[in-house]
Each structure stands twice: as structure tokens, then as C-alpha cells.
Amino acid sequence: MLDRLELPERGEVKGEIHACQVELITDVCANVADAVGVLQGLRRSVLATGAGLIGAGTHPTAKEGDAEITDSERYELISALLGDALATPVSALHVHVGMPDAAAAIRAFNGLRRHLPLLEAIAANSPFRHGRDTGLASVREVTLRGWPRSGAPREMESFDDFWSFAARLTAVADVPDYTYHWWKLRPHPRLGTVEIRALDVQASLSQTAALVAAIHALARHEAEAEPVPGPPGEILEEAGFRAARGGVGATLPDVSGRLRPVPELLDEMIELARPCAHELGCEAELGSLTELVEAGGGAGIQRAAEREGGLQAVLEGLLDRASRDGAQRKSLST
């Protein structure tokens, strides 16, 4: 497919670790609408080759072990490192937010940690794997728990603390550099960003826009606000599993540790992020997270399709949403 691809003026399409996957990469974008516009052009280019696209954390029906590893030095090393943990392809939404300096990056990184479980719950979009319902809203998250260096790292005292810790872990893991730390969240000094890697790929660009708006606004807020202590790693890991298990129907711990439903926590998160979202021009996209939750999230939408027409209907629905995104943006629930 890649040899037939004609790229638009902006963005890039690359092969991923599994040959059945492609990665759509925007260039540096000014705002959410800009980024989603670039993604739309990239989806259109891929679809023009005759290939089908689905946006989900896992393929609903592919058999375990069917996917081949892409022939590249990096991916061959990862395959050697991970072995059978790579048997099931997974697809994540990676969002980079540019930072003005290293100190701001660490403040944003530390602050975003506490928002991860809620974002994961809202984004959960992989209930099916190997042709069956896993009972999870995001089996991608649980699959990735078999990878090393794949959770959420501790808070960092400073950029020097992060850099020395990353170097120490790189040496212990015997990997080339920090880009082999598949953390849910990480500073990315090579790009000057903070990167969230914890969310399932979304079926539609409207769903993607809503999540990107939340991440952009929250990163801005946390970079500028007084630091708030985040949860210990063990609490964050438990909350992440609860998010993967229940999706938008989960109950998650708030700052006091009390379990509360996702819609309540979402309302509070939107209010926290709204001032920055207004400044960044993505307030409407941020508010549409409520619509995504009311629709059941990606996992709920997939399960509704399965009840109506089985897994074939799930696949057709995912293909149809990607196809329509190649032409124009659609509503969250379609």
C-alpha cells in the first residue's frame, strides 16, 4: 500500500511495527482543528490506495500471531526484545504537546499523570480481540501490560531527575535510548514535547479531536498552574486497569481516593481545562467529550454494533467511519 501512496502537502504515513498497520503522523500544528485537518488528509490519501482503514485499539477479529513484523532494524530489535508479547498488534493515539522549556515540560508531565485514568476510560475503544468480547473496554491497555516500561512513570523532581533516571533505565534495559521506554506518558526532549501514549486509537476524527483538545488544554493548565501532588504509582496503575475494564462505565478514584463515576469526573475535568481550551480555540471540541461518553465511548459503540449484526457489523462500522472521515468530519456517535 505504501508504494501506491500519494501524500498530501502536510503530514506523513509510515509503516508500523506490524506490517498490517500504518502510522499517520501530523507535522507541527497550531491547534486541534489544524491537527485534525492534517489527519483527515492523511486518511484520505491512504483510502485512495484502495486500502481499508479502521481506528481501534485492536483489530476485532484478527487471529493471534497472524501479523508479520515490519522489516526494519528498529522493529527487529523490538521483536527480539519482546518476543511473543508482540503477537497481538495494538494501536494507540499519541499526542505531543510542545513545551516552551524543560521546566514547563516536567510540570506538565507531573500534572498530566493524575488525568491519565480518566482519559483512558473515555478513550477505551478495544473491547474485541481474536474474534471475541474480552469483557474489557480497552484490551489494548491490558495487552500492553505485557511490555516492559509500559506503565506510567513516577513524578520527576526536575528535568535533570528525568534525564538521569531515563539514562539509568536505558542502561538496565539494555536498549538504545529513551524512545524504547513505552511509557503511557513521557517528556520527549528530542522533539521538545510532552507525549501522551496511553489512549486507544479512535474510530472517527471527531472523537480524536475531543481527546486531543482535552490533552492540549490540560497540558497547558498543568504547565502553568501550581503543582498538585499526583497519585502514587500503585494507585495510578489500579485506576488504569479500572479504566480499561469499565471504560466510560468505570468508577475511578478522585484526588481523595473516593471512587466516582466517569461522567462526574469528566464534568470536573472539563471545568478545569475550559479556560485554557478557550485560549487555545478548542473549547467546543473539549465539550464534545460529554457526547462521546453519552454514546458509550468507542467500546460501547462497537458493542452496540455487535449486538445488531455480529463482528462483521463491528468491522463494517469501523471501516465506514474511517471512510467517511476521508471525506468530511462526522458526529461522535455515528
Inspect the contact between Arg303 and Glu306 and indicate whether a charged nitrogen and a carboxylate oxygen are less than 4.0 angstrom apart.
-> no

Look at the side-chain heavy atoms of Ile, Leu, Val, Met, Phe, Trp and Tyr, link any pair under 4.5 Å apart, and say whether Val139 and Leu318 land in one connected group.
-> no

Answer yes or no: does atom CZ of Arg245 have more than 12 heavy-atom neighbours from other residues, nucleotides or ligands under 6.0 Å?
-> no

Check the hydrophobic clustering (I, L, V, M, F, W, Y; side-chain heavy atoms under 4.5 Å; chains of links allowed) and say if Leu82 and Leu169 are grouped together.
-> no

Looking at Phe241, does the NZ or CZ of Arg145 lie under 6.0 angstrom from its six-membered ring centre and within 45 degrees of the ring axis?
-> no

Do the charged groups of Asp267 and Arg260 touch, with an N to O distance under 4.0 Å?
-> no

Salt bridge between Glu283 and Arg274, side-chain N to carboxylate O under 4.0 Å?
-> yes

Is a side-chain donor-acceptor pair under 3.5 Å present for Ser158 with Asp160?
-> no

Check the side chains of Thr88 and His130 for a donor-acceptor pair under 3.5 angstrom, ignoring hydrogens and angles.
-> yes

Following the transitive rule for hydrophobic clusters with a side-chain heavy-atom cut-off under 4.5 Å over Ile, Leu, Val, Met, Phe, Trp and Tyr, establish whether Ile270 and Leu252 coincide in one cluster.
-> yes

Taking the inter-plane angle between the rings of His181 and Tyr178 on a 0 to 90° scale, is it parallel (under 30°), tilted (30 to 60°) or perpendicular (over 60°)?
-> perpendicular

Sort out for me which residue in Thr61, Thr143, Thr58 forms a side chain to side chain donor-acceptor pair (under 3.5 Å) with Arg129.
-> Thr143

Lys NZ or Arg CZ of Arg74 over Tyr180 ring: under 6.0 Å, within 45° = yes

Would you call Asp325 and Arg321 a salt bridge, taking side-chain N to carboxylate O under 4.0 Å as the test?
-> no

So does Glu23 have more than 12 non-hydrogen atoms from other groups sitting under 6.0 Å from CD?
-> yes

Side chains of Asn110 and Glu222: is there a donor and an acceptor less than 3.5 Å apart?
-> no

Report whether Leu93 and Leu39 are members of the same hydrophobic cluster (ILVMFWY, side-chain heavy atoms less than 4.5 Å apart, transitive linking).
-> yes

Does the separation of the ring centres of Phe159 and Phe162 fall below 6.0 angstrom?
-> yes

Under 4.5 Å between side-chain heavy atoms, hopping through other hydrophobics if needed: is there a path connecting Leu265 to Leu211?
-> yes

